[in-house]
Amino acid sequence: MPGELTQDRIQKTWERSKDDPPANRRAAGAPNFANPPTVIVMVGLPARGKTYMSKKLTRYLNWIGLPTKVFNVGEYRREAVKNYSSYDFFKPDNECAVKIRQQCALAALRDVHSYLKDEGGQIAVFDATNTTRDRREMILQFGSENGFKIFFIESVCDDPSVIASNIMEVKVSCPDYRDCNKTDAMLDFQRRIECYKTSYQPLDPNQHDRDLSFIKVIDVGRRFLVNRIQDHIQSKIIYYMMNIHVQPRSIYLCRHGESTDNLEGRLGGDSGLSPRGKQFSAALAGFVEEQQLQDLKVWSSQLCCSIQTAERLGVPYEQWKALNEIDAGMCEEMTYNEMKEKFPEEFALRDEDKYYYRYPAGESYQDLVQRVEPVIMDLERQENVLVICHQAVMRCLLAYFLDKSAEEMPYLKCPLHMVLKLTPVAYGCKVESISLNVEAVNTHRDRPEDVKWGPGTLIRRNSVTPLTSPESNIKKPRIDDLDEADFSELPPSVSLPSLCSPSHTPVSLSGQHWLGRVCLT
Amino acid sequence: MALSVNREQRKLTQTPLLKIWVPWVGCNLNRRRGSSVPQFCNSPTMIVMVGLPARGKTYISKKLTRYLNWIGVPTKSFNVGQYRREAVKIYKDFEFFNPENEEAMKIRKACASAALKDVAAYFSKEQGQAAVFDATNTTRERRAVILSYAKERGYKVFFVESICDDPEIIAENIKQVKLGSPDYVDRDEDEAMKDFSQRIDCYKSSYMPIDDEKDRKLSYIKIFDVGSRYLVNRVQDHIQSRIVYYLMNIHVTPRSIYLSRHGESELNLSGRIGGDSGLSPRGHKYAKGLATFISDQNIKELKVWTSHMKRTIQTAEALGVPYEQWKALNEIDAGVCEELTYEEIQENLPEEFALRDQDKYRYRYPKGESYEDLVHRLEPVIMELERQENVLVICHQAVFRCLLAYFVNKPAAELPYLRCPLHTVLKLTPIAYGCKVESFSLNIEAVNTHRERPVNVDINRNPEEALQTVPDHI
């Protein structure tokens, strides 16, 4: 028989036997839609939410399994110019600074290249103002030379109160202004914005940019202009951008009250609450009332213990089957010991790779992420929500909000009878952990000590590995003091082969003659 | 909200059909809570089409209506042109649409009003949740009338405007759906084409597109040039967000979707449901036959999708082309009934067996799924199918039924009984407002796995009555 199939022991996916030529690239849950790699290019004046959107989008894309990374050119600039003095740096006629800024942009692009070509990245978010056509043209060329798709996200906003609020939230406390008081910082930043305004050329869907793929986000999501969606990923990005908002709100995550299955140490099942679980529900009702929230939505799964908990609150609630606990398949309702006894190999495999491990005839955490994604999308749309769910599901949701990797997700601590209050703030999420002081069993199993750590567990899986949005690992073009910069002696690390190979002198690009000289040394 | 401190912890019971936990069986949570996702429509929504004739408004209306119904939002479309054809039995010529024609204007206004009334009736008496108001609605005046009508009744309004000036596209639209309309039944093509173009001209002078400034408080999407660009303003809620996402993913490029089940499996042979068995010898034969069929079809850039189950993958393997696996395409989870025969289900769980016959769409297997759950699971697959061009989907009986019901617009009651025999390929080609279906049997014998609804679905029926329609097996 041609192509005998074998079942991967961890993921339970069927593949051709190992001695056959390598199978076509197979994503575990759904097809891989991110070929070829994409560069998402942010566009907009300062304080328009570009970094906010970059980070949020990156977190989402990583969570659904697409390795994504943000490249913030401002960070490269802060590395290059250690001491920020004032908005004068951003004046368009400050030639020295202009050169440094361009150099930083190129360094960032070089890292994008390396991330997408050599490090297994699939999407790179190029976070900078990118407000001139020249700059965007350079990026488009970069994309076409390397076979990357380019998708622009432009944020347009002229509401002074929104801008002032953004500046207060994320700019006055940024490293540039660490030695300033708030008023001075605000003033300086506003002058900084003015420096960009004169040369700002917004994307023009009617003429100049009508063949580009982009979304213009206008007035913090009140309106969107979408041009030439090329593929699945861009479509998903647009859908995500249209669902997020910046209204202050909180998301409360908790598990159902302790169930009788929990008491017996059983996996899964559909049992009701234990007496302590009922106590918790009552406490939860009190807690909710204390919070005095307007319009709190309550969501629960369709399993008994979760519904009993919701019922006790005495308010309308919605049931989501997608919030049901991970399906343990043949191991449903077993205790861990029973599973170890009946399926010792399965037990060991689960500890080896808990994220990808799929229970026989059941699910994996990776499957859970796919299942729970519509819930996340809806949570983004909502305002105050209390989600009453289960251990694995809560870990999934938490990993999304707190940007935890696939490796960390199955080991996040989500004890019974504890409420997590998540409040989006600045670029991240504030977490408050509230214990309702009702005793419960501990259902958490740490990663066992004696598990072999296979090298590159993450890299072994091809496409759908949620990575924590990686910390930026900027290669540092160091220039300690502006005046001492001597461009002919910049280290070769700054050169960008793909753009600056001898056959490719970018003489035609304005303001970059110096670059050619630099790269060829 | 006042919470009584001494609130008794009510014991929950699980509704037998939907397997939903409720405080007591008769409570009103029982109704409308059956679906696997929350109900997202509180106030009903009017989706109002805007655009000159031949801009794809009816195409979008019908497609959107089909999609919304399939995902469980009761939706109906109201085409004012049909009301007009009822009122004015015989269409003479474009002069009817001349803005100076006072008598005709009266009739047309009356038709729009009648349609609005029917929308209101649909919402209040038929539990509709969304209505698509399909007309040109090209003047601010007409749109103001609709907005105030909706406001009075608490309906949300979402406009969908289609703007296109490409003469080729418009000519193609006219050819595809206008020339064959009842209005032109006795005309020859050229005459009809000329008349319709003049009809469009009648609207052009008074056409006022939605204005980005004046109408900035409205919720709408503008579609330019068949999807090359979109302008979206003020999406109010979940359903509008879904509508926008859907509209941005559909396209009109000609293509075909091929649906097939896996080849006959070992478990199929023994009449067992579910499981994850491999192909039988005849199943392998089908896989080879499918490979030949596909290559004979000469399909441009065909994508092949399978589920995660062995039998679909084995089928795809025989094609010798790259394929993608979707867990979402896995067969319906029969929970505790997995790998049982119908006879065994009848013997061990006769009540469950009867409940399933009572409402096969909503019935959820214990610890398993219902068709309704399947539909929600498959929604991302449908969305991606809309984005794609030529695709072959190799799946399973229940999944096949769900996908087919979406494409040929079958309601929930019929969905679980659609015939999807093994070893048959269905080729679906979108055409005009619908879908052409061609069925290709590859002439390789297989068991029949189709079980019709028996006559007696009562819980107390006897086993013979229950097993009356079970197909033969080993």
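Predicted model, so just to flag it, every value in this text is computed and none were measured. Numbers restart at 1 for each chain; the letters A, B, ... are given by sequence-line order, proteins then strands.
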Which region of [X], side chain (C-beta onward) or backbone (N, CA, C, O), has a non-hydrogen atom less than 4.5 Å from a non-hydrogen atom of chain A, or is it both or neither?
X        : result
B:Asn233 : both
B:Met383 : neither
B:Gln240 : neither
B:Arg387 : side chain

- request: Could you tell me whether B:Glu317 and A:Arg16 have a side-chain N and a carboxylate O separated by less than 4.0 Å?
  value: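 A salt bridge is present here (some side-chain N lies under 4.0 Å from a carboxylate O).
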Under a 4.5 Å heavy-atom cut-off, does chain B meet the side chain of [X], its backbone, both or neither?
X        : result
A:Gln230 : backbone
A:Ile238 : side chain
A:Arg228 : both

- prompt: Would the number of heavy atoms belonging to other residues, nucleotides or ligands and lying under 6.0 Å from NZ of B:Lys310 be above 12?
  reply: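 Enclosed.
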Heavy atoms from other residues, nucleotides or ligands near NZ of A:Lys297 exceed 12 (cutoff 6.0 Å): no
When you compare the side chain of [Y] with that of [X], does any pair of heavy atoms fall below 4.5 Å?
X        : Y        : result
B:Arg234 : A:Arg223 : no
A:Gln7   : B:Asp276 : yes
A:Glu333 : B:Lys367 : yes
B:Leu231 : A:Val226 : no
A:Glu15  : B:Gln325 : no
A:Trp14  : B:Gln314 : no

Distance in Å, [X] [atom1] paired with [Y] [atom2], rounded so as to fall on 0.5 Å steps:
X        : Y        : atom1 : atom2 : answer
B:Lys222 : A:Leu225 : NZ    : CG    : 10.5 Å
B:Gln14  : A:Ile307 : CD    : CD1   : 8.5 Å
B:Tyr230 : A:Ile229 : OH    : CD1   : 5.5 Å
A:Met377 : B:Ser241 : CE    : OG    : 7.5 Å
A:Ser235 : B:Tyr245 : OG    : OH    : 4.0 Å
B:Ile20  : A:Gln302 : CD1   : CD    : 3.5 Å

- prompt: With a 3.5 Å cut-off and no angle check, do the side chains of A:Asn243 and B:Arg242 form a donor-acceptor pair?
  reply: no
- prompt: Could you walk me through whether B:Arg377 and A:Lys321 pass the side-chain contact (heavy atoms from CB on, under 4.5 Å) check?
  reply: CA-CA 10 Å; B:Arg377 204 207 312 144; A:Lys321 189 172 194 280; over 6 Å; no
query: Do side-chain atoms of B:Arg229 reach the backbone of A:Pro205 as a donor and acceptor pair under 3.5 angstrom?
result: yes
Chain B interface, residue from A:Asn324, A:Leu303, A:Asp270, A:Val375 that has the most non-hydrogen pairs under 4.5 Å: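 If we count pairs closer than 4.5 Å to chain B, A:Asp270 comes out on top.
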